[in-house]
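Encoded as structure tokens, the structure appears first; notes follow it.
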Amino acid sequence: MIEAFARTTDGIVSLAEFRRLLDSGRRLTVKFGADVTAPFLHLGHAVNLWMMREMQERGHHVVFLVGDFTTLVGDPSGLAAARAARRAGEIAEDAAAFLRQAGRILVTDDPALFSVRRNSEWWAGKPLAEFLAMLAEVTASRLMSRDMFRARLEAGGEVRAHELVYPVLQGRDSVELGADLTIVGSDQLFNESMGRHFQEKAGQKPQVIVTTRITPGLDGRRKQSKSLGNFVGLEDGPRDAFGKVMSLPDGLVVQWLEVYTTVPPGRVREIERALAGGGCNPMDAKRELARAVTARLHGEASAAAEESWFLDTFRGRGFPEDAPVASLASGGRKALDLVAELEPGSSRNALRRLLMEGAVELDGRRLGSADEAIVLPPGFSGKLRVGRRRFFRIVVAGVSGGAGVSGGAGVSGGAGGLAEGPGGPTGWGC
RNA sequence: GGAGAGAUUCCCGAGUGGUCAAAGGGGGCAGACUGUAAAUCUGUUGGCUCAGCCUUCGAAGGUUCAAAUCCUUCUCUCUCCA
């Protein structure tokens, strides 16, 4: 168990206690606390979830703690009561989305293994006197010692008073749940340590904290987050998952293999050595990574299919067979209007720029101006590419079987073109 | 409570009455190059019915032909003192 955790674990407080818990034969309560502001789970969360799933496999119980109360007070700009009230509804929605995503990894339909709690259960209506008594159990300097706060203050930033108190709330949650164990990103160590502190004050056995390694996201710099867009989401389709991993900087391949896949350590070392010695093309290593990540999230079959698709489309520079089909009316229109029909989500200015930058091609011919007139005869069918990765097959109704389809046959036939076949991951360069 | 500094487009940060949709950098997007990597070069980076118009420089008012820039009030932040 502990051995299985090792590759993704940053630290354990404490290892001895963890061993004792596991040996006790007791059904353990694992706390899975979550702020529900942005219900967007990604690989970073998955690391924790996979470990919790392991615990479930051994019969332990995961409590999903919705921070509905802490989220409500957590927003410093949420001054108006009206605003807070409105957000209560959003929180419920977000919590549902969160649960749905977590359910992709955790067992959520067995009450013996999973339950949901809300921290408003004990925080809403908590008498102030009781709360102040809790505050008396910590020193201000302890709270302020958190490195994040220090860094912010030193940078001339601000720390709101409620932020200072937030770890107290999160820590007390562990008391309310009687948590035995919590598995969190290493940036949560401080908050969860407060949990141990308060549990001891309350006469409970302090929870064991397993902190997991935090790995830079797709941008190669900061950890994955929704706002930075540098993540592989649990709800991303297999195609996006594969493609996103392929855009990872080379230097992170080994780290990602360790943290996000179950590729055996021996194999990871092998790849690491091959990369270091120039013995393999980094892209091949990354392909193995992308395949492993996609398979873990979506199954081996999808992973194999997306790998073929990727190779055909990007390495082979092909036009994807399964590009979305857009049925358009026949007739003339400006290039800009054509693209706008296909990309209703983008602003026309943005599309105009793309056209000027030469990012739009119709049947291999670059459309260089927004005003260029495009005439689509009845029966026309063509391939439109916008930027590197957006493809559309344009079809115009009308049976007059005329010149339309002239430019076909540019694409070699589908996945069959791949010699390697869907076999094992061996046989690559690494 | 007192004194000072400040709030600018995604971020940092210039800009003290018209030449400002606002320098420069970062980040993003796109093109070249490529392996949807990195590095490099180039372009671009509020919206639209696009030689023009609309919205934007903490908020609301005001002065002016004209305001990010001046005045008033307000909100908020930082620093020092108490």
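Model, not experiment: these values are computed from the prediction. Proteins get letters first, then strands, A, B, ... in listed order; numbering begins at 1 in each.
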> Is B:A7 paired to anything, Watson-Crick or G-U wobble with both distances less than 3.5 Å, and if yes, which nucleotide?
Replying inline: B:U75
>> Under a 3.5 Å cut-off for both contacts, is B:C80 paired Watson-Crick or G-U wobble with anything, and if yes, with which nucleotide?
In response: B:G2
> For B:A51, which nucleotide in any strand shown is its Watson-Crick or wobble partner with both distances under 3.5 Å?
Replying inline: none
> How close do A:Arg117 and A:Val63 get, heavy atom to heavy atom, and via which atoms?
Replying inline: CG-CG1, 3.6 Å
>> Can you check the distance between B:U16 and B:U64, where both ends of the measurement are the P atom (answer in whole Å)?
In response: 23 Å
> Contacts to RNA chain B from residues 335-351 of chain A, heavy-atom cutoff under 4.0 Å, which residues?
Replying inline: A:Ser347, A:Arg348, A:Asn349
>> Strictly by Watson-Crick or wobble contacts shorter than 3.5 Å, is anything paired with B:A66, and which nucleotide is it?
In response: none
> NA contact type, A:Arg353, heavy-atom cut-off 4.0 Å: base, sugar-phosphate, or nothing?
Replying inline: sugar-phosphate
>> Whether A:Arg172 engages the ring of A:Trp122 as a cation-pi pair (distance to the six-membered ring centre under 6.0 angstrom, angle to the ring normal within 45°) should be assessed.
In response: no
>> Could you tell me the Watson-Crick or G-U partner of B:U16, where both distances fall under 3.5 Å? Say none if there is no partner.
In response: none
> In whole Å, what separates the P atom of B:G47 from that of B:A30?
Replying inline: 16 Å
> Nearest 0.5 Å, what's the CG-CD distance between A:Leu106 and A:Gln56?
Replying inline: 5.0 Å
> A:Arg333: what forms a side chain to side chain donor-acceptor pair (under 3.5 Å) with it, not counting sequence neighbours?
Replying inline: A:Glu341
>> A:Asp337: which residues meet the side chain to side chain donor-acceptor pair (under 3.5 Å) condition with it, sequence neighbours left out?
In response: A:Arg348
>> Rounding to an integer number of angstrom, what distance separates B:C48 and B:C10 when you compare their P atoms?
In response: 16 Å
> Does any nucleotide pair with B:A22 by Watson-Crick or G-U wobble geometry, both distances under 3.5 Å, and what is it?
Replying inline: none
>> Categorize A:Arg221 for me: base, sugar-phosphate, or nothing, with a 4.0 angstrom heavy-atom threshold over every strand shown.
In response: sugar-phosphate
>> At 4.0 Å (heavy atoms only), tell me whether A:Lys244 reaches a base, stays on the sugar-phosphate, or touches nothing.
In response: nothing
> Just checking A:Arg239: base, sugar-phosphate only, or nothing, at a heavy-atom cut-off of under 4.0 Å?
Replying inline: nothing
> Does the side chain of A:Gln207 come under 3.5 Å of the side chain of A:Ser174 through a donor N or O and an acceptor N or O?
Replying inline: yes
> How is A:Leu228 classified with respect to the nucleic acid when contacts are heavy atoms under 4.0 Å: base, sugar-phosphate, or nothing?
Replying inline: nothing
> Under a 3.5 Å cut-off for both distances, is B:C57 Watson-Crick or wobble paired, and to whom?
Replying inline: none
> P atom, B:G46 versus B:G25: distance in rounded Å?
Replying inline: 15 Å
>> Return whichever of A:Gly243 or A:Arg222 has its heavy-atom-nearest nucleotide of RNA chain B closer to the 5' end.
In response: A:Arg222
> When the nearest nucleotide of RNA chain B is assigned to A:Phe242 and to A:Glu357 on a heavy-atom basis, which residue is associated with the more 5' position?
Replying inline: A:Phe242
>> Please report the distance separating the C1' of B:A22 from the corresponding atom of B:C76, rounded so that it comes out in whole Å.
In response: 24 Å
> By ring-ring contact (aromatic ring centres under 6.0 Å, His included), which residues pair with A:His298, not counting sequence neighbours?
Replying inline: none
>> Distance check, P atoms only: B:G31 and B:A37, in whole angstrom units.
In response: 11 Å
> According to the Watson-Crick and G-U wobble definitions, with both distances under 3.5 Å, which nucleotide is paired to B:A30?
Replying inline: B:U42
> When you list every nucleotide of RNA chain B with an atom under 4.0 Å from a heavy atom of chain A, which one comes first 5' to 3', and which comes last?
Replying inline: B:G27 to B:C78
> Only one of A:Leu289, A:Val293, A:Val268 clears side-chain contact (heavy atoms from CB on, under 4.5 Å) with A:Val263; which?
Replying inline: A:Val268
> Counting any heavy atom closer than 4.0 Å, what does A:Gly358 reach on the DNA or RNA strands: base, sugar-phosphate only, or nothing?
Replying inline: sugar-phosphate
> Quantified in whole Å, what is the C1' atom distance between nucleotide B:C41 and nucleotide B:U34?
Replying inline: 14 Å
> So what does A:Pro282 touch, heavy atoms closer than 4.0 Å: a base, only the sugar-phosphate, or nothing?
Replying inline: base
>> Please give the distance between the C1' atoms of B:U55 and B:U9 as a whole number of Å.
In response: 12 Å
>> Suppose we screen for side chain to side chain donor-acceptor pair (under 3.5 Å). Which residues come up paired with A:Arg317, at least two apart in sequence or across chains?
In response: none
> Is the charged tip of A:Lys383 near the ring of A:Phe391: under 6.0 Å from the six-membered ring centre and within 45° of its axis?
Replying inline: no
> Would you say the side chains of A:Trp123 and A:Asp68 form a donor-acceptor pair under 3.5 Å?
Replying inline: no
